[in-house]
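Position 1 is the first residue of the sequence, and the numbers go up from there.
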Amino acid sequence: MLIRPRLTDFHGIALAQENADFAIPFFDEDIPFYVDPFLMWRSPSQQDVALHGALLTAFNHLGQLAVNGNQDEAISALITASECDEVGLGSSRTRRGKRISRTKAEEILAIFRRIPRYATHGLAHIEELQFFVEGISKDRISDFACNFLKSFLIDFTIDQCNRLGIPLEPKTVPNVWDPRSRSFTDVTTYLPIDPTDGSPLLLVPKRWLRFVPWISYEEYFKNYCPQDDISHEPENLTRVEVLNYNRDNYGVVEAYIKAKERAFADAKNDPLFSQIPVRSARGKLAQIKKLPTGKTDGADIKYEAAVGQLLPSLLYPNLDFAQVQARTESGVSIRDLIFYNTQRAPFLQEIYADYASRQITFEMKNVAAVERTHVDQLNRYMADELGRFGVFVTRTPLKRPILQRTIDLWSGQRKAIITLTDADLEQMVEVFDSKQRDPLDVLSKKYAEFRRACP
């Protein structure tokens, strides 16, 4: 079966994350990014600016409800808006989060009475909640945004799925904000589903995603907060003390918000995968080349770690990294790197067509020489679901008898196993540095050499 399948991979759609307009969701865990509403506020798109306005209108409406005596209604809506499982963003390992408590909702709504600016004009950015309420951070801000904009996310998801051919099923989506009635309601529509439990999925534009919001408590505390005015021992200053100070000194927070607005041109979404710098790539290569073969002083573990950090960057964006896969065969622990085959390049399209490789397995072997048992282990792992194409990452070229074993596998079972050595990794790093060619070309060259050796 596929390793850590994403929505697109499950439906047999070859799509690199770089080419997608949305964050491709996993089924088993959240994507560790968050919706940053500021990216809508600063967007050149009138649609995004309007969505930010709609988000603020909805949230500030709850604040006015509380100010005007409808506290229970506001609390109920705020609790409902505090978790959005359908989007799969955040740090949960189960794609299921927890809503805020009634007490926390009361604390949030209290700032509309405590701070005159909010009582009369409301929030200008919901990220401002971070500066007044304990326990409200990037994950909760993201969930608030997704819930109040869920109607847009439904339309966006349907449009993206129709373009890509992702199947949709009838589902009832709970707690969709209706700006006309100013309340949450359930909506029945067609959406993609999580095949593990049948729950609906919502796609989120990746242009909205950051790991840390542009308006951030941590940055405020470090660079703007007058710590000496709050405590005689700023090194021991607690977050609660800062929040209490902020409630009585809104001007300090306002100055930080205005500074962040002025610097809006620097606010950009974060890429969902960041390649390591060339200098780091060269450092990893040097570390690999210095390691002895075998397990002495943990050399095998160090080798696997360095290769595991190097290859995902060298092969991106042609191959999206899936995960490091640990498996055991006959009592031997084996560590693989698993990549999604995006079919971006002709070479990747070829191995998909010839070997049904929806994913590509790279087996790391810090050994003086690959042996027949190693070939047999990788051969058994190359099943129909993963495909019949595999790669050894090892120190030196295969010896002639072992190379012949891989050739015999191709002849008898149409399975291809190629090898990347230290010299090949060095060439990939050089290409990565020069930017003139793609490191994937080295893999393609190795496959061409293998095929020339086959009958």
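- In this structure, a donor-acceptor pair under 3.5 Å is absent between the side chains of W214 and D266.
- Aromatic pair F362/F339: ring centres closer than 6.0 Å.
- Checked for salt-bridge contact, E304 and K302 miss the test: no charged N lies under 4.0 Å from a carboxylate O.
- Annotation: side chain of F273 is not in contact with side chain of Q17 (no heavy-atom distance under 4.5 Å).
- Heavy-atom contacts from other residues, nucleotides or ligands closer than 6.0 Å to OH of Y190 number 12 or fewer.
- F132 has its side chain within reach of V253: a pair of non-hydrogen atoms, C-beta onward, lies under 4.5 Å apart.
- Partner R6 forms a side-chain contact (heavy atoms from CB on, under 4.5 Å) with one of I24, I31, L15 and no other, that one being I24.
- Salt bridge annotation for E83-K98: absent, with no cationic side-chain nitrogen under 4.0 angstrom from a carboxylate oxygen.
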Quiz prompt | E18 vs R344, salt bridge (charged side-chain N to carboxylate O under 4.0 Å, His left out): CA-CA, chis, key distance, verdict | solution = CA-CA 10 Å; E18 185 181 63; R344 276 176 53 116; 3.0 Å; yes

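- One finds the CD1 atom of I193 at 3.5 Å from the CD atom of E169 (value rounded to the nearest 0.5 Å).
- Ring orientation note: the planes of W177 and F148 are nearly perpendicular, at an angle over 60° on the 30°/60° scale.
- Put simply, the side chain of Y340 does not reach to within 4.5 Å of the side chain of R358, judged on heavy atoms.
- Side-chain atoms of T157 and Q160 include no donor-acceptor pair closer than 3.5 Å.
- Between P226 and V252, some side-chain heavy-atom pair lies under the 4.5 Å cut-off.
- Looking at F347 and D441, their side chains never come closer than 4.5 Å, going by heavy atoms from C-beta outward.
- R388 contributes a side-chain N or O that, together with a main-chain N or O of R414, makes up a donor-acceptor pair within less than 3.5 Å.
- Under a 3.5 Å cut-off, the side chain of S142 and the backbone N or O of Y34 do not form any donor-acceptor pair.
- Within a 6.0 Å radius of NZ in K399, other residues, nucleotides and ligands contribute 12 heavy atoms or fewer.
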Quiz item: Under the side-chain contact (heavy atoms from CB on, under 4.5 Å) criterion, do V176 and F184 qualify, and how do the steps go?
Solution: CA-CA 5 Å; V176 177; F184 286 104; 5.9 Å; no

Exercise. List the steps, then state whether side-chain contact (heavy atoms from CB on, under 4.5 Å) holds for Q359 with I3.
Key: CA-CA 8 Å; Q359 293 187 316; I3 304 300; 3.6 Å; yes

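- The side-chain tip of K445 does not point at the ring of Y447 from less than 6.0 angstrom away and within 45° of straight on.
- Here CG of L398 is found 11.5 Å from NE2 of H374. Values are rounded to the nearest 0.5 Å.
- The aromatic rings of Y217 and Y220 are tilted relative to each other, their planes meeting at an angle between 30° and 60°.
- Without hydrogens or angle criteria, Q349 side chain to Q343 main chain gives a donor-acceptor distance under 3.5 Å.
- Listed for the D376 side chain is no donor-acceptor partner under 3.5 Å among the backbone atoms of T373.
- With hydrogens and angles ignored, the 3.5 Å screen pairs a side-chain donor or acceptor of S313 with a backbone N or O of I276.
- For the pair Y256 (side chain) and S216 (backbone), a donor-acceptor distance under 3.5 Å is present.
- Checked for salt-bridge contact, D336 and R327 meet the test: a charged N lies under 4.0 Å from a carboxylate O.
- A donor-acceptor contact shorter than 3.5 Å links the side chain of D438 to the backbone of L440.
- Salt-bridge check for R42 with E261: failed, with every basic side-chain N at 4.0 Å or more from each acidic carboxylate O.
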Quiz prompt | salt bridge (charged side-chain N to carboxylate O under 4.0 Å, His left out) assessment of K206 paired with D21 | solution = CA-CA 6 Å; K206 67 180 184 182; D21 292 329; over 6 Å; no

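- Between E371 and R405 there is no salt bridge, since no side-chain N of the basic residue sits under 4.0 Å from a carboxylate O of the acidic one.
- Between L202 and K150, some side-chain heavy-atom pair lies under the 4.5 Å cut-off.
- Annotation: side-chain hydrogen bond (donor to acceptor under 3.5 Å, both in side chains) contacts involving residues 275-291, sequence neighbours excluded, comprise R282-D433, K284-Q309, K289-E426.
- Side-chain contact check for I141 versus P37: some heavy-atom pair is nearer than 4.5 Å.
- Between the CD atom of E127 and the CD1 atom of I136 there is a distance of 12.5 Å, given to the nearest 0.5 Å.
- In this structure, D297 places its CG atom where only 12 or fewer heavy-atom neighbours from other residues, nucleotides or ligands lie under 6.0 Å away.
- For P213, the side-chain contact (heavy atoms from CB on, under 4.5 Å) partners at least two apart in sequence or on another chain are D36, Q130, K138.
- For the pair W41 and F264, the minimum side-chain heavy-atom distance is below 4.5 Å.
- Note: D155 CG to L153 CG = 9.0 Å, rounded to the nearest 0.5 Å.
- Here the OG1-CG distance, from T394 to L425, works out to 10.0 Å after rounding to the nearest 0.5 Å.
- At least one donor-acceptor pair under 3.5 Å links the side chain of K171 to the backbone N or O of G198.
- A donor-acceptor pair under 3.5 Å is absent between the side-chain atoms of K415 and the main chain of G412, judged by distance alone.
- Distance CZ/F389 to CG/L443: 5.5 Å, rounded to 0.5 Å.
- Using modelled atom types, one side-chain atom of R395 and one backbone atom of L291 make a donor-acceptor pair closer than 3.5 Å.
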